[in-house]
Colleague: 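Quick one: structure below, then a few questions.
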Amino acid sequence: MQLDLNLLMALDALLEEGSVAGAAARLHVTPPAMSRSLGRIRKATGDQILVRTGRSMVPTTRALAMRAQVHSLVQQAHHLLSAQQELDLPALDRVFTVRWHDALTAACGTALITAVHRQAPGVRLRLSAEPGTDDAELRRGEVDLESSSSAPTLPDIRHRLVGSDRLVVAVRPSHPLTEGPLSIERYAAAEHLTVSRRGSLRDPIDDALASRGLERRVVAAGPTAAFALQLALDTDLIVTLPDAVTRAARDQLGLVILPPPLPLPEVPLYLLWHQRYDDDRAHTWLRDLATETVQALFASPTASPSPTGLGSDGSAGVQACGS
């Protein structure tokens with residue numbers, strides 16, 4: 001049979017949109033024309049591709065299995081057949097999806113959106129919630145740029161180390177731990193709160209304490225850093241979390257920060273993307289801009305935390321992002 005690239009593009013649109021009408025709108029053709037393309041695809045593959053369930057259509061098992069490969073082939077074809085052009089940022093019209101950890105979004109989302117809009121006003125950003133470690137969305141092109149505290153293991157997922165963050169202890173003003181030196185014993189004896197999307201009551205801090213023969217009591221797990229900080233403000237619970245990415249939120253709440261009484265490893269921050277974007281000039285611009293934005297956060301001067309929550313000059317020992 002003769003290969004038809006238009007059929008491959010139609011198949012990609014059908015699998016991404018999940019409907020004939022959606023695929024037709026995406027490729028700027030009429031629904032009847034897309035319906036005819038679906039018929040040809042079914043004949044060529046010997047599979048229904050999309051089947052009707054009630055008022056909607058769902059992909060078949062084979063369609064699900066081939067979706068990522070079809071999308072990759074279409075992207076490669078576009079790249080192969082498109083002439084490389086200089087990037088015209090003022091004229092760039094594109095939507096990027098950035099999936100960052102909630103604390104990073106709160107700390108740097110405004111700065112990134114402002115920088116993108118200033119340089120490329122036609123670009124739109126979707127800052128999506130981080131659902132977990134699902135690299136499938138990166139591979140399918142549904143997410144353009146992601147943050148992670150660990151390097152990826154899949155060979156087609158690229159990564160860049162953009163910085164590392166120290167851990168600090170956050171407590172409410174007048175918390176008992178602010179009175180006198182914070183010993184490792186007092187720290188372990190306090191009631192703790194972890195930050196975990198999956199609700200884990202244990203993290204590497206427990207391993208660090210266990211190596212010294214100590215154990216802490218974790219009372220609760222919060223799904224986001226914002227929730228954990230608010231809970232720390234309203235209770236005697238303490239939370240140990242990255243410094244730079246939570247600095248603005250802590251400053252707004254008026255929380256006191258204390259240095260951990262034991263050495264803890266810094267938390268690395270990586271930006272992740274799929275290899276299909278390695279030579280995409282617009283994507284390269286976005287990830288470079290995101291790198292600059294995040295690194296500016298880590299480069300912000302911070303006062304050394306003290307038990308009173310004040311810097312050496314008597315000012316508050318926490319600062320807002322970008323201050």
Side-chain angles (χ1 to χ4, degrees), residues 1-29 33-34 37-38 40-42 44-45 47 49-50 57 59-89 91-100 116 120 122-128 131 133-148 152-160 270-291:
M1 60 175 290
Q2 291 184 338
L3 295 178
D4 187 342
L5 183 58
N6 289 325
L7 278 189
L8 193 62
M9 294 174 61
L11 177 57
D12 180 49
L14 286 164
L15 295 179
E16 290 292 317
E17 298 295 333
S19 74
V20 171
R26 179 171 174 170
L27 296 185
H28 306 291
V29 299
M34 181 56 65
S37 294
L38 176 57
R40 295 174 61 194
I41 292 168
R42 286 170 169 168
T45 61
D47 187 84
I49 301 300
L50 293 175
M57 303 188 77
T60 63
T61 302
R62 185 180 178 192
L64 288 173
M66 68 170 66
R67 181 164 59 184
Q69 187 175 6
V70 168
H71 187 72
S72 178
L73 287 172
V74 170
Q75 293 295 317
Q76 291 178 41
H78 278 302
H79 177 71
L80 181 64
L81 299 177
S82 298
Q84 286 287 339
Q85 298 177 350
E86 291 297 325
L87 184 62
D88 184 0
L89 288 177
L92 184 61
D93 181 9
R94 189 157 166 182
V95 178
F96 290 106
T97 299
V98 177
R99 187 171 67 189
W100 278 358
V116 166
V123 169
R124 291 169 290 167
L125 283 185
R126 283 194 295 239
L127 295 176
S128 70
T133 56
D134 178 15
D135 291 324
E137 291 180 332
L138 279 174
R139 304 180 89 175
R140 292 195 299 265
E142 296 170 9
V143 171
D144 295 286
L145 197 62
E146 183 174 280
S147 70
S148 177
T153 57
L154 297 174
D156 57 335
I157 303 299
R158 305 294 196 228
H159 66 279
R160 174 187 294 174
Y270 296 90
L271 294 183
L272 278 55
W273 67 93
H274 192 266
Q275 66 178 3
R276 68 163 64 90
Y277 297 122
D278 282 350
D279 299 321
D280 185 321
R281 296 188 180 184
H283 194 281
T284 300
W285 162 77
L286 175 68
R287 60 182 184 259
D288 287 346
L289 193 59
T291 298

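These numbers were taken from a predicted model, which means no experiment stands behind them. Numbers for residues simply follow the sequence, beginning at 1.
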Colleague: Show the nearest heavy-atom pair for residues Leu92 and Val123, with the distance to one decimal.
Modeller: CD2-CG2, 3.5 Å
Colleague: Do Leu11 and Met66 have side chains that get closer than 4.5 Å, going by heavy atoms?
Modeller: yes
Colleague: Compare every heavy atom of Ser19 with every heavy atom of Leu14, then report the nearest pair and how far apart it is.
Modeller: CD2-O, 3.8 Å
Colleague: For residues Phe96 and Leu145, determine if any side-chain heavy atom of one lies less than 4.5 Å from a side-chain heavy atom of the other.
Modeller: no
Colleague: Might you point out which heavy atoms bring Asp47 and Ile49 nearest each other, and give the distance in Å?
Modeller: OD2-N, 2.8 Å
Colleague: What are the two closest non-hydrogen atoms of Leu64 and Pro59, and how far apart are they?
Modeller: CD2-CG, 3.5 Å
Colleague: For the residue pair Trp273 and His283, categorise the inter-ring angle as parallel (less than 30°), tilted (30 to 60°) or perpendicular (more than 60°).
Modeller: tilted
Colleague: Do Asp144 side-chain atoms and Thr97 backbone N/O form a donor-acceptor pair below 3.5 Å?
Modeller: yes
Colleague: Measure the shortest side-chain to side-chain distance between Asp280 and Arg94 over non-hydrogen atoms and say whether it is less than 4.5 angstrom.
Modeller: yes
Colleague: Test side-chain contact (heavy atoms from CB on, under 4.5 Å) on Leu286 and Leu125 and set out the steps.
Modeller: CA-CA 10 Å; Leu286 175 68; Leu125 283 185; 4.2 Å; yes
Colleague: About how many Å separate OG of Ser128 and CD of Glu137, when rounded to the nearest 0.5 Å?
Modeller: 7.0 Å
Colleague: Could you go through Asp288 and Arg160, starting from their C-alpha distance and side-chain angles, then the distance that decides it, and tell me whether this counts as salt bridge (charged side-chain N to carboxylate O under 4.0 Å, His left out)?
Modeller: CA-CA 10 Å; Asp288 287 346; Arg160 174 187 294 174; 3.1 Å; yes
Colleague: To the nearest 0.5 angstrom, please state how far the CG atom of Asp278 sits from the CZ atom of Arg158.
Modeller: 4.5 Å
Colleague: Atom CZ of residue position Arg40 - does it have more than 12 heavy atoms of other residues, nucleotides or ligands inside 6.0 Å?
Modeller: no
Colleague: Between Ile157 and His274, is a side-chain contact (heavy atoms from CB on, under 4.5 Å) present by the stated rule, with each step listed?
Modeller: CA-CA 5 Å; Ile157 303 299; His274 192 266; 3.9 Å; yes
Colleague: Atom OG in Ser72, atom CG in Asp12: separation rounded to 0.5 Å?
Modeller: 10.0 Å
Colleague: Do the side chain of Arg276 and the main chain of Arg139 share a donor and acceptor less than 3.5 angstrom apart?
Modeller: yes
Colleague: Looking only at atom types and distance, does a side-chain atom of Arg26 sit under 3.5 Å from a main-chain N or O of Glu16, one as donor and one as acceptor?
Modeller: no
Colleague: Would the distance check show the side chain of His71 and the main-chain N or O of Arg140 forming a donor-acceptor pair, the cut-off being under 3.5 Å?
Modeller: yes
Colleague: Looking at every heavy atom in both Ser148 and Leu272, which two are closest together, and how far apart are they?
Modeller: CB-CD1, 3.8 Å
Colleague: Would you call Leu38 and Met34 a side-chain contact if the rule is heavy atoms closer than 4.5 Å?
Modeller: no
Colleague: Looking only at heavy atoms, what is the nearest atom pair of Arg42 and Leu50, with distance?
Modeller: NH2-O, 2.7 Å
Colleague: Can you see whether Thr284 engages Arg287 through a side-chain donor-acceptor pair at a distance of less than 3.5 angstrom?
Modeller: yes
